[in-house]
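Report on one structure; see the data block that follows.
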Amino acid sequence: MGASGWEYHVPYQEDLGAALDALRQEVFEAQDYYWDLWDEDDADEARTRPSTIHQLWEDQQVQEEGTHSILDMQRILRPGKDPDYGTVQAVQAVQAVQAVQAVQAVQAVQAVQAVHAVHAVQAVQAVHAVQAVQAVHAVEAYRTAGTDRPTRAHVQAIQPLAHRRWFGRCAVLHDAHGRPEEIYFWGFSGD
């Protein structure tokens with residue numbers, strides 16, 4: 001199927017983790033995510049959508065291919081913690097550079113491991129292990145959008161900050177008076 005881009009705007013709240021959790025629940029309840037209705041082993045039998053997010057992630061196909069939505073991101077990491085599968089991480093400017101370098105090193109190691117993997121599922125899981133979403137720092141916003149308080153008008157300018165599969169960003173968007181108004185989540189996931 002390939003990777004899919006996704007984007008969401010949610011009302012601003014200081015707690016990015018709570019915003020992410022609420023968004024994930026909303027997307028799940030709206031069934032606004034990829035779900036293959038047909039069983040690969042039995043083309044005559046339709047698959048039933050899970051009734052909880054936990055059940056969704058118990059599904060082998062979802063574990064291998066993702067949901068092509070924010071549901072693929074599972075938590076926000078505190079600064080200083082290492083990114084892992086399905087994480088969202090708020091970072092400082094110096095940490096952003098270090099995080100990118102660390103992710104690139106992990107990707108290189110995992111690419112070698114994936115080449116030697118016996119099963120295709122293991123290769124997919126190796127790619128997923130580097131998945132992360134990072135908050136856009138004021139320095140990045142200024143560099144890409146010309147302001148440290150981006151608004152909806154700046155979304156197009158900051159979108160290139162998320163450009164890899166299994167990677168996303170979030171940015172606090174401001175109103176015309178510079179007050180936080182909403183959080184914009186965007187990125188790519190799915191195989």
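We're numbering straight along the sequence, starting at 1. Model, not experiment: these values are computed from the prediction.
- The minimum heavy-atom distance between S189 and W6, with the atom names listed, is OG-NE1, 2.9 Å.
- Nearest heavy atom pair, residue W186 against residue A162, reads NE1-CB, 3.4 Å.
- Taking every heavy atom of both residues into account, W35 and V62 meet most closely at CZ3-CG2, 3.7 Å.
- Judged by a 6.0 Å distance limit and a 45° cone about the ring axis, R24 is not positioned over the six-membered ring of F185.
- Closest non-hydrogen pair, H154 versus A145, comes out as CD2-O, 3.5 Å.
- Separation of atoms CD (Q63) and CG (L56) is listed at 9.5 Å; rounding is to 0.5 Å.
- The pair R152-E181 fails the salt-bridge criterion, with no side-chain N (NZ, NE, NH1 or NH2) lying under 4.0 Å from an Asp/Glu carboxylate O.
- The two residues P150 and V172 make their nearest non-hydrogen contact at CG-O, 3.7 Å.
- Atom CD of E58 and atom OG1 of T52 lie 7.0 Å apart (nearest 0.5 Å).
- Within the 4.5 Å cutoff, side-chain heavy atoms of I158 are placed close to those of Y184.
- Looking only at side-chain heavy atoms (C-beta outward), E182 and P11 stay at 4.5 Å or farther from each other.
- Atom CG of D36 is separated from atom CD of E65 by 7.0 Å, given to the nearest 0.5 angstrom.
- Taking CD1 of I53 as the start and OH of Y33 as the end, the distance is 8.5 Å to the nearest 0.5 Å.
- Put simply, CD on Q25 and CD1 on I70 are 13.5 Å apart, with the number rounded to the nearest 0.5 Å.
- Hydrophobic clustering (side-chain heavy atoms under 4.5 Å, transitive across Ile, Leu, Val, Met, Phe, Trp, Tyr) keeps V27 apart from F188.
- Among all heavy-atom pairs drawn from P50 and F28, the shortest one is O-CZ, 3.4 Å.
- At least one donor-acceptor pair under 3.5 Å links the side chain of H137 to the backbone N or O of V139.
- You'll find the side chain of V155 reaches within 4.5 Å of the side chain of H9, heavy atoms only.
- Partners of D59 according to the salt bridge (charged side-chain N to carboxylate O under 4.0 Å, His left out) rule, which considers only residues two or more places apart in sequence or in another chain, are R47.
- Note that the CD atom of Q31 and the OG1 atom of T67 stand 12.5 Å from one another [nearest 0.5 Å].
- Looking only at distances, no side-chain donor or acceptor of E140 sits under 3.5 Å from a matching main-chain atom of V136.
- More than 12 heavy atoms of other residues, nucleotides or ligands lie within 6.0 Å of NE2 in H163, so this atom counts as buried by the packing criterion.
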